Amino acid sequence: MRFAEQVVLITGAGSGIGRATAGLFAAEGAQVVVLDIDGDRAAETAEALDGAVALTLDIRDLAAAATVVDQVLADFGRVDVLVNNAMRISAGELDERDDDADMLDELDVDLLGAFRMTRVCLPAMRRQRRGAIVNVASVNGLGYFGNDVYSAAKAGLVSLTRSVAARHGRDGVRCNAVAPGTIATPTWTERAELEPGFLERMGSYYPLGRVGRPEEVAEAIAFLASDQASWITGVTLPVDGGLMTGQVVMARDLTAGGA
Ligand SMILES: NC(=O)c1ccc[n+]([C@@H]2O[C@H](COP(=O)([O-])OP(=O)(O)OC[C@H]3O[C@@H](n4cnc5c(N)ncnc54)[C@H](O)[C@@H]3O)[C@@H](O)[C@H]2O)c1
């Protein structure tokens, strides 16, 4: 029970990795606050968990984020862990986008949303002289795997992780990130239903030979948020089946023929 009596806020916990993370924290004793722009999905996550509560929140709205944290402090008295997990992703690379609105919105959710949530949680964490923040970045923030606006936002999260860690370590606040590779969340399982073999094909690019499961990312998030990681701050941990180790397909090609 690593998180007994700890209050844990998770954005985007109405689906996928956020939902699995909510489940793990709840199983380890946390008071979980499930946050999502989709109130029904947030409620569905919370209903399946012991004592979890669901609140509707759009992380593009700083005032709404502040109100949610005020409510959490009034109800539970503290904020121990913040997991910045919510995201939206839209199709189209830079040269295929005709207007700014969609790009701005993607950055607003995927990057500035985490800035806002961090901003509104930090005062309580600093008062407590204890807090752990985990940002859910992506391998897209470390290298190019398509979706360049999303990737830029994720690279921004890696930078935010370092800034908060460096600036607030003396306040007792740690900040780390995970960088998942392809995880079998609804986005990809729904595509696999239309395109049989998709997940197996993606899995073949990974040294470990398969895509990841939401629960495997949740384990890494919980570790970084826990006291077991008490001397770790400012890092981005790939949770990627070895994808960032290098170009396996290229290496096979290079070394073919006995080189
Ligand atoms: N699934 C993958 O393969 C993968 C790979 C690398 C990184 N990630 C990252 O993991 C995290 C979770 O991904 P997922 O696949 O579980 O996502 P998902 O799409 O299943 O869930 C994202 C959730 O965020 C919520 N959300 C969207 N906009 C919001 C807003 N403005 N305010 C509050 N909530 C909002 C959605 O309603 C949804 O419930 C994301 O940060 C994503 O970038 C996922």
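Counting starts at 1 for both ligands and their atoms, following the listed order. FYI, side chains are in, hydrogens and waters are out, and symmetry mates aren't considered; it's all heavy atoms of this structure. Along the sequence shown, residues are numbered consecutively beginning with 1. Note that the structure is predicted; figures quoted are calculated from it, not measured.
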For [atom], closest protein heavy-atom neighbour:
atom: atom 27 (C) of ligand 1; value: Met87 O, 3.2 Å
atom: atom 43 (O) of ligand 1; value: Tyr150 OH, 2.6 Å
atom: atom 6 (C) of ligand 1; value: Pro180 O, 3.2 Å
atom: atom 1 (N) of ligand 1; value: Thr185 OG1, 2.8 Å
atom: atom 37 (O) of ligand 1; value: Asp36 OD1, 2.6 Å
atom: atom 35 (C) of ligand 1; value: Ile37 CG2, 3.5 Å
atom: atom 18 (P) of ligand 1; value: Ser15 OG, 3.6 Å
atom: atom 38 (C) of ligand 1; value: Arg41 NH2, 3.3 Å

Take a 6.0 Å sphere around [atom1] of [X] and say whether it holds more than 12 heavy atoms from other residues, nucleotides or ligands.
X: Gln247; atom1: CD; answer: no
X: Arg97; atom1: CZ; answer: yes
X: Asp98; atom1: CG; answer: no

If you count the atoms of ligand 1 from 1 in the order shown, which ones are under 4.0 Å from a heavy atom of [X]?
X: Ile59; result: 30 (C), 31 (N), 32 (N), 33 (C)
X: Thr182; result: 3 (O)
X: Ala137; result: 7 (C), 9 (C)
X: Asp58; result: 30 (C), 31 (N), 32 (N)
X: Gly16; result: 16 (O), 20 (O)
X: Asn85; result: 10 (O), 11 (C), 12 (C), 40 (C), 41 (O)

Requested in this report: Determine which pairs satisfy salt bridge (charged side-chain N to carboxylate O under 4.0 Å, His left out) with at least one residue from residues 212-238, sequence neighbours left out, and list them in order.
Outcome: Arg130-Asp227, Arg210-Glu216, Arg213-Glu216

**Report entry** Leu94 versus Asp148, closest heavy-atom pair with distance
**Finding:** N-OD1, 3.1 Å

Looking only at distance, does [X] have an N or O less than 3.5 Å from an N or O of ligand 1?
X: Gly18; value: no
X: Arg88; value: no
X: Lys154; value: yes

**Report entry** Sub-4.0 Å heavy-atom contact, Thr11 with ligand 1
**Finding:** no

Requested in this report: Identify which of Ile17, Asn140, Ile183, Asp110 has a heavy atom lying nearest to atom 44 (C) of ligand 1.
Outcome: Ile17

Query raised in the report: atom 5 (C) of ligand 1: which of Ser138, Gly181, Ala86, Gly14 has the nearest heavy atom?
Result: Gly181

Query raised in the report: Considering only heavy atoms, does Leu57 approach ligand 1 within less than 4.0 Å through its side chain, its backbone, both, or neither?
Result: backbone

Report task. Classify the contact between Val136 and ligand 1 as side chain, backbone, both or neither, using a heavy-atom distance cut-off of under 4.0 Å. Result -> both

Between [X] and [Y], is there a side-chain N and carboxylate O pair less than 4.0 Å apart?
X: Arg78; Y: Glu5; value: no
X: Arg88; Y: Asp102; value: yes
X: Arg116; Y: Asp108; value: yes

Under 3.5 Å, side chain of [X] to main-chain N/O of [Y], donor-acceptor pair present?
X: Tyr150; Y: Ala91; value: no
X: Asn85; Y: Val136; value: no
X: Asp50; Y: Ala26; value: no
X: Asn176; Y: Val235; value: yes

Requested in this report: Using a 4.5 Å cut-off on heavy atoms from C-beta on, say whether the side chain of Phe223 contacts that of Ile232.
Outcome: yes

